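Every value quoted in this text rests on a predicted model; they were computed, and no experiment measured them.
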Amino acid sequence: MVHQQRSQNRLSQTSDTEDIVALLAPRLAHFAGVARTEHVTRAAQEMNVPQSTLSRALVRLEQDLGVDLFVRRGRTLALTPAGRTFLGSVERALAEIERAADEVRADADPATGKVAFGFLHTMGAETVPGLLHSFRADHPRVRFSLVQNYGEAMLERLRAGELDLCLTSPVPDAPDLVARRLDEQKLRLVVPADHALAGRRRIRLAEAADEVFVTLEPGYGLRRITDDLCKEAGFRPRVAFEGEETETLRGLVAAGLGVALLPPPTVPRPGVVELTVTAPRAAREIGVAWLAGSVDTPPVAAFKKFLLSRRGNLLPA
């Protein structure tokens with residue numbers, strides 16, 4: 001069968017994809033319904049739309065595509081070869097839209113929805129598992145998508161819509177974000193067990209001015225805090241090694257490769273001694289952040305409320 005090429009109101013091959021989608025998308029379900037029944041009246045009844053609306057939608061769809069999708073046979077219709085080709089893609093597209101709609105509805109379900117939650121690596125071993133355990137006591141079926149990363153990377157994922165909430169440090173101050181301080185974590189100067197300072201319990205950070213430091217890489221919140229504290233103590237740290245994990249840094253300290261300012265470990269690490277820093281005050285604030293203006297699903301709202309209720313009691317004792 002030779003297909004007639006329609007020219008009236010036809011989209012050109014150079015039309016923007018966005019224009020094509022905007023024109024075709026509202027008519028795809030109408031096309032699939034008629035293709036399934038091969039009858040406009042029956043399809044209109046099943047889809048609960050006026051027959052005239054359905055007929056006009058089919059005519060406009062063929063005009064926009066520039067090809068005949070149906071052969072008219074009295075009151076019935078039959079797909080042309082072009083129509084059959086188009087139907088296969090349309091059905092896949094509609095099925096994908098339905099799947100996506102089901103998924104987002106499921107994610108927003110108050111009882112079984114999903115929360116995309118980011119947190120610092122140092123929060124992963126003990127703090128976050130404890131938080132999730134407590135939260136799920138009252139919300140046992142809420143699901144979580146968990147992301148561990150450094151602070152700036154998580155904030156970018158918040159801005160990209162990939163995270164609902166994140167625990168981070170320092171607490172961000174940005175116009176497009178909302179952040180709330182939840183807790184504070186003391187930092188310690190970690191030295192090798194055979195270091196000259198290892199016999200001390202307390203130290204002023206200025207006493208470590210001549211030491212070699214191991215730190216997290218630039219861009220990590222703890223690196224910025226380390227640099228700021230050293231500056232406040234009157235020196236710029238000499239950095240020998242930069243890493244991505246605090247426990248890796250502890251291992252470097254244990255190997256005698258430097259000293260480090262770190263939060264307390266989950267479990268004691270052999271080979272190092274952790275000294276209380278008396279001056280300047282060495283601590284980092286932990287906060288929760290989310291995108292300003294975002295509309296929370298019920299599970300996200302519930303978890304946000306839970307986190308805010310833990311203010312001052314976020315970290316393990």
Side-chain heavy atoms under 4.5 angstrom apart, residues restricted to Ile, Leu, Val, Met, Phe, Trp, Tyr: same cluster for V277 and L249? yes

Would a single hydrophobic cluster contain both L146 and V300, if residues Ile, Leu, Val, Met, Phe, Trp and Tyr are joined by side-chain heavy-atom contacts under 4.5 Å? yes

Side chains of T76 and R42: do they bring a donor and an acceptor to under 3.5 Å? no

Heavy atoms, side chains only, cut-off 4.5 Å: are L261 and L205 in contact? yes

Check the pair R200, T276 against side chain to side chain donor-acceptor pair (under 3.5 Å), reporting the backbone distance first and the verdict last. CA-CA 9 Å; R200 302 270 297 274; T276 298; over 6 Å; no

I'd like to know whether T215 forms a side chain to side chain donor-acceptor pair (under 3.5 Å) with R223, so could you lay out the CA-CA distance, the side-chain angles of the two residues, the decisive distance to 0.1 Å, and finally the verdict. CA-CA 6 Å; T215 70; R223 170 61 180 270; 3.1 Å; yes

Student check: side-chain heavy atoms of L197 and I203 closer than 4.5 Å: yes

When rounded to the nearest 0.5 angstrom, what is the spacing between CG in L54 and OG1 in T41? 9.0 Å

Please assess F86 against L28 for the test side-chain contact (heavy atoms from CB on, under 4.5 Å), listing each intermediate value before the final yes or no. CA-CA 10 Å; F86 190 56; L28 297 184; 3.7 Å; yes

When you measure from the side chain of R188 to the backbone of P263, do you find a donor-acceptor pair of N or O atoms at a distance under 3.5 Å? no

Using the ring-ring contact (aromatic ring centres under 6.0 Å, His included) rule, take F213 and F241 through it: C-alpha gap first, then chi angles, then the decisive distance, then the call. CA-CA 7 Å; F213 278 73; F241 295 92; over 10 Å; no

Do you know the tightest heavy-atom contact between P237 and D227? CG-OD1, 3.8 Å

Closest non-hydrogen atom pair, M123 against P129: O-CD, 4.1 Å

Identify the heavy atoms of P50 and A44 that sit nearest to each other, and give their distance. C-CB, 4.3 Å

L187 side chain reached by L229 side chain, heavy atoms, under 4.5 Å: yes

Close side-chain approach of C166 to V288, heavy-atom, < 4.5 Å: no

Check whether E247 reaches the backbone of P265 with its side chain - one donor and one acceptor, N or O, closer than 3.5 Å. no

Whether over 12 other heavy atoms sit under 6.0 Å from D210 CG: no

Can you hop from L120 to V190 via hydrophobic side chains spaced under 4.5 Å? no

Are F306 and L308 joined in one hydrophobic group, where the rule is that I, L, V, M, F, W and Y side chains link up if heavy atoms are under 4.5 Å apart? yes

Report yes or no: does D164 contribute a side-chain atom to a donor-acceptor pair with the main-chain N or O of A116 at less than 3.5 Å? yes

CG/L189 to CG/L262 distance, rounded to the nearest 0.5 angstrom? 9.0 Å

For R136, is the CZ atom crowded, meaning more than 12 foreign heavy atoms sit under 6.0 Å from it? yes

With heavy-atom distances below 4.5 Å as the criterion, would you say the side chains of T297 and D109 are in contact? no

Are R224 and P170 side-chain neighbours, meaning at least one heavy-atom pair lies under 4.5 Å? yes

How close do P264 and Q185 get, heavy atom to heavy atom, and via which atoms? CD-CG, 3.9 Å

Walk me through whether R36 and E91 qualify under salt bridge (Lys or Arg N to Asp or Glu O under 4.0 Å). CA-CA 10 Å; R36 184 176 60 251; E91 287 180 333; over 6 Å; no

Less than 6.0 angstrom separating the ring centers of F303 and F144, yes or no? yes

Going from CD1 on I286 to CZ on R310, what distance comes out if it is rounded to the nearest 0.5 angstrom? 14.0 Å

With the side chain counted from C-beta on, respond yes when V214 and T248 share a heavy-atom pair under 4.5 Å apart, and no when they do not. no

Heavy-atom closest pair (V259 atom, V191 atom, distance to 0.1 Å) is CG1-CG1, 3.7 Å

Start with the C-alpha distance between D296 and S294, add both sets of side-chain angles, then the distance that settles side-chain contact (heavy atoms from CB on, under 4.5 Å), and finish with yes or no. CA-CA 6 Å; D296 294 336; S294 61; 4.0 Å; yes

State whether the side chain of S169 and the backbone N or O of R284 hold a donor-acceptor pair below 3.5 Å, judged by distance alone. no

Would you please test H195 and E211 for side-chain contact (heavy atoms from CB on, under 4.5 Å) and show each step? CA-CA 11 Å; H195 194 278; E211 300 292 335; 2.9 Å; yes

Do F135 and F117 have ring centres separated by under 6.0 Å? no

Apply salt bridge (Lys or Arg N to Asp or Glu O under 4.0 Å) to R72 and E62, showing your working. CA-CA 13 Å; R72 276 72 178 173; E62 290 181 315; 3.3 Å; yes

Distance col, row E162:CD vs M154:CE, nearest 0.5 angstrom, shows 13.0 Å

Compare all side-chain heavy atoms of S145 with those of V115 and state whether any distance is below 4.5 angstrom. no

Spell out, yes or no, whether V147 and L222 are grouped together once hydrophobic residues are joined by side-chain heavy atoms under 4.5 Å, including indirect joins. no

Residues 171-181 side chain polar contacts: donor-acceptor under 3.5 Å, at least two apart:
residue, atom, partner, partner atom, Å
D176, OD1, R159, NH2, 3.3
D176, OD2, R159, NE, 2.6
R181, NE, E285, OE2, 2.9

Compute whether any side-chain donor of one residue and acceptor of the other, for H121 and E244, lie under 3.5 angstrom apart. no

To the nearest 0.5 Å, atom OH of Y150 lies from atom OG1 of T168 at 11.0 Å

Can you name the nearest heavy-atom pair linking L315 to E184, along with the distance? CD1-O, 3.5 Å

Under the side-chain contact (heavy atoms from CB on, under 4.5 Å) rule, what do L307 and L131 come out as? Steps first, then yes or no, please. CA-CA 8 Å; L307 290 176; L131 289 172; 4.0 Å; yes

Is the closest basic N to carboxylate O distance between R311 and D183 below 4.0 Å? no

Verify, without hydrogens or angle tests, whether T53 (side chain) and V49 (backbone) share a donor-acceptor contact under 3.5 angstrom. no

Taking atom CZ of R281 and atom CD of E232, what is their separation to the nearest 0.5 Å? 11.0 Å

